[in-house]
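Heads up, the thing below is written out as structure tokens.
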Amino acid sequence: MSNNTLLSFPANEIEALAMLYVQQQDISGLSPEELLDIYQKAYDKIKTYHRETCQERHHLGWSIE
């Protein structure tokens, strides 16, 4: 990973929340691949929830900001 990547991480709230979730897990003994799986699953769930919640708010006439 380059230094530029580290300087821009997290790039958004979804990445930040996914990392926060991973940090709260017991990751001792996990392989790098398993760690990636945990992060990616958290990221995907948060992103899906955010997208669905924003769509629901939009249908209710709420501002999406």
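Side-chain N or O atoms of S8 include none that pairs as donor or acceptor with a backbone N or O of A11 at under 3.5 Å.
Note on I46 and L35: same hydrophobic cluster, where clusters join Ile, Leu, Val, Met, Phe, Trp and Tyr whose side-chain heavy atoms are under 4.5 Å apart, directly or indirectly.
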Donor-acceptor contacts, no H, no angles, side chain residues 16-27, under 3.5 Å, sequence neighbours left out:
residue: Q25; atom: NE2; partner: Y21; partner atom: O; Å: 3.2
residue: D26; atom: OD1; partner: S28; partner atom: N; Å: 3.2
residue: D26; atom: OD1; partner: S28; partner atom: OG; Å: 2.7

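Residues satisfying the side-chain hydrogen bond (donor to acceptor under 3.5 Å, both in side chains) criterion with D44, sequence neighbours excluded, are Q40. A search for side-chain hydrogen bond (donor to acceptor under 3.5 Å, both in side chains) contacts involving E52 returns nothing, not counting sequence neighbours. With sequence neighbours excluded, the residues forming a side chain to side chain contact (heavy atoms under 4.5 Å, CB included) with K47 are I14, Y43, R51, listed by chain and number.
Atom CG in D37 sits 8.5 Å away from atom CD in E33 (nearest 0.5 Å).
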